[in-house]
Amino acid sequence: MTAVGIDGIEIRTGKLQLDLAETFAPAQDEDPGKYTEGLGLHASSFPDVYEDIVTMGANAAHRLMERKGLTPADIGRIDVATESAFDNSKPVSTYIAGCLEQVYDDNFHHANKGERKFACISGTQSLDDAYNWIRAGRNRGRKALVIATDTALYARDDPGEATQGAGAVAMLVDEDPGLVELSTEQGFGSADETDFLKPNQQFPSVDGKRSMKVYLARMREALEDFESAAGDTHPNDYELVPFHTPFPGMVRKAAALGYRHVVRDTDVEISIAEEIGRQPRREEYKSQEQYFDAVKEYTDALTETERYQAWYADAIEPTLEIAREVGNWYTGSVHVARVAGLKQALEHDRAMAEKKLLVASYGSGAQAEIHAETVVSGWKEEIAALNIDEQLDRRHDISFEEYERIHDVHNHDTENDADAEELITPTQEFVFDGWGRMGERKYRYVR
Ligand code: COA
């Protein structure tokens with residue numbers, strides 16, 4: 001069977017950064033430790049006044065196409081995953097295709113375009129759609145462009161304001177991929193939940209604490225389902241485990257739960273039993289509550305073991321390095337985690353070809369999905385081609401007053417965003433260019 005997977009990835013961050021410990025925490029009268037230690041975040045990315053989900057997505061896709069020597073005729077489908085869409089009918093992929101057509105001679109008239117919605121998991125669902133399209137033999141040799149793009153903004157003074165972010169990830173899905181091959185096995189954990197939603201409103205209604213519980217519950221279900229399809233998992237099977245990362249502190253909790261689940265009944269459980277005992281089993285406890293207390297106690301002890309900490313340092317920590325600097329990118333977040341892990345592997349000369357990743361996606365509402373990927377031999381060139389470090393270094397560090405203004409500019413209820421004063425002069429990129437006669441957003445390429 002021909003390998004199908006991700007051939008190349010580009011990341012585009014919003015061009016502004018809000019320092020959470022230095023700028024945001026003091027203004028909110030909070031301890032910086034909540035951000036740096038508790039949530040595990042240093043900064044959030046924000047879009048400058050001329051950036052939005054279309055410009056970030058188009059700029060990421062443009063760099064990817066240029067790097068891969070592609071023109072629109074090579075692309076058979078464009079799927080955009082977002083939970084920040086500003087149009088309930090016309091998909092963001094049409095706006096992005098319109099941008100790209102400004103800089104290419106040919107067009108995307110024969111590409112199937114769409115938009116996927118399921119909170120943060122829709123980026124992974126779009127990858128699935130692209131994979132299935134190629135596997136079904138409907139691609140006629142063409143490639144799919146999957147773009148996950150979001151401005152993850154919360155209402156001012158909502159607790160979620162601590163975890164904001166803005167950026168896009170563009171992925172090229174193709175046969176004989178250059179980065180990772182996707183597995184056929186998947187596991188799902190899905191239930192009708194009310195933890196995070198935007199019923200016809202821009203900023204989310206969030207029950208933050210509940211969303212964290214739902215994340216863990218659905219992830220556990222997805223892992224069980226994955227094992228029923230792919231067989232039992234073992235921590236040694238996977239070199240990196242990129243999780244959906246709304247903030248690194250969430251992944252700290254999810255990783256402990258996942259590890260506990262995966263090592264149950266394995267040599268690992270036996271070898272650490274001398275130190276912390278065996279894992280609690282439900283049948284050993286009279287009530288559910290006693291069992292949960294015992295599980296919590298065991299998990300706390302587990303995360304203190306050298307064995308767990310070594311695994312966490314190798315398999316999880318590298319995947320969080322970009323998220324700490326950019327915050328939550330919703331649909332792009334798990335894909336940023338994959339890139340961060342591979343980037344760190346490249347920097348530390350880790351051998352990754354033929355190694356496996358276990359990718360754990362999540363979207364509120366709620367659904368988790370787990371699948372495996374195999375890193376392929378071209379991975380180093382793909383990761384070395386990224387310019388995310390330069391983009392992060394070039395970000396403008398905003399003051400709290402600038403943050404307040406930028407948040408207002410991106411609030412759909414305010415009207416003056418086309419004339420708002422920019423903080424970084426745009427160059428060689430797509431920018432928002434005001435409104436059209438039917439209320440559509442317009443874009444142009446700045447040379
Ligand atoms: N030093 C170290 N850690 C600190 C601290 C300090 N000074 N102050 C707080 N913390 C820790 C807290 O103990 C907590 O960690 P824990 O959960 O391991 O106990 C963490 O920092 C966050 O603090 P908390 O008081 O719980 O923050 P909050 O009430 O403002 O809410 C969220 C945090 C994540 C619920 C909120 O930001 C939110 O709603 N986010 C959006 C929804 C989301 O991202 N959900 C995730 C699933 S998709």
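As the structure is a computational prediction, the values presented were derived from the model and not from experiment. Ligands are counted one by one from 1 in listed order, and the atoms in each one are counted from 1 as well.
Between the side chain of Thr23 and the backbone N or O of Leu20, no donor-acceptor pair lies under 3.5 Å. A donor-acceptor pair under 3.5 Å is formed between the side chain of Thr149 and the backbone N or O of Ile53. With Asp7 contributing its side chain and Leu172 its backbone, the two residues share no donor-acceptor pair below 3.5 Å. With hydrogens and angles disregarded, a donor-acceptor distance shorter than 3.5 Å links the side chain of Thr245 to the backbone of Phe243.
In this structure, the protein non-hydrogen atom closest to atom 38 (C) of ligand 1 is Gly160 CA, 3.7 Å. Looking at atom 22 (C) of ligand 1, its nearest protein heavy atom turns out to be Leu39 CD2, 3.8 Å. Among protein heavy atoms, atom 2 (C) of ligand 1 sits closest to Gly33 O, 3.4 Å. Protein heavy atom nearest atom 39 (O) of ligand 1, with residue, atom name and distance: Gly208 CA, 3.3 Å. Among all non-hydrogen protein atoms, the one lying nearest atom 41 (C) of ligand 1 is Tyr154 OH, 3.6 Å. Among all protein heavy atoms, the one lying closest to atom 11 (C) of ligand 1 is Gly38 CA, 3.6 Å.
Asp397 and Arg395 are not joined by a salt bridge, as no carboxylate oxygen comes within less than 4.0 angstrom of a charged side-chain nitrogen. Note on Arg278 versus Glu284: salt bridge recorded, some NZ/NE/NH1/NH2 to OD/OE distance being below 4.0 Å.
Heavy-atom contacts from other residues, nucleotides or ligands closer than 6.0 Å to NZ of Lys296 number 12 or fewer. Other residues, nucleotides and ligands place no more than 12 heavy atoms under 6.0 Å from the CD atom of Glu22. In the displayed structure, Asn88 atom CG is contacted under 6.0 Å by at most 12 heavy atoms of other residues, nucleotides or ligands.
At a 4.0 Å heavy-atom cut-off, ligand 1 does not touch Phe196 at all. Here Lys253 has side-chain heavy atoms under 4.0 Å from ligand 1, and that is the only part of it that gets that close.
Nearest heavy atom pair, residue Glu429 against residue Pro426, reads OE2-CA, 3.3 Å. Summarising the geometry of Met352 relative to Ala345, their closest heavy-atom pair is CG-CB, 3.6 Å, with the distance given to 0.1 Å.
Listed by atom number, the atoms of ligand 1 under 4.0 Å from Lys209 heavy atoms are 24 (P), 26 (O), 27 (O), 28 (P), 29 (O), 31 (O). Taking every non-hydrogen atom of Val206 and a distance limit under 4.0 Å, the qualifying atoms of ligand 1 come out as 42 (C). Near Thr163, meaning under 4.0 Å from one of its heavy atoms, ligand 1 places the atoms 37 (O), 40 (N), 41 (C). Interface atoms of ligand 1 facing Glu37, defined by a heavy-atom separation under 4.0 Å, are 2 (C). Listed by number with element, the atoms of ligand 1 under 4.0 Å from a non-hydrogen atom of Asp31 are 7 (N).
Contact annotation for atom 4 (C) of ligand 1: protein present (non-hydrogen atoms, distance under 4.0 Å). Less than 4.0 angstrom separates atom 14 (C) of ligand 1 from none of the non-hydrogen atoms of the protein.
Across the listed options Ser364, Gly365, Ser211, Pro159, Ser211 owns the non-hydrogen atom lying nearest to atom 43 (C) of ligand 1. Selection from Lys34, Glu30, Met212 by nearest heavy atom to atom 27 (O) of ligand 1 gives Lys34.
At a 4.0 Å cut-off, not a single heavy atom of Tyr35 sits close enough to ligand 1 to count as contact.
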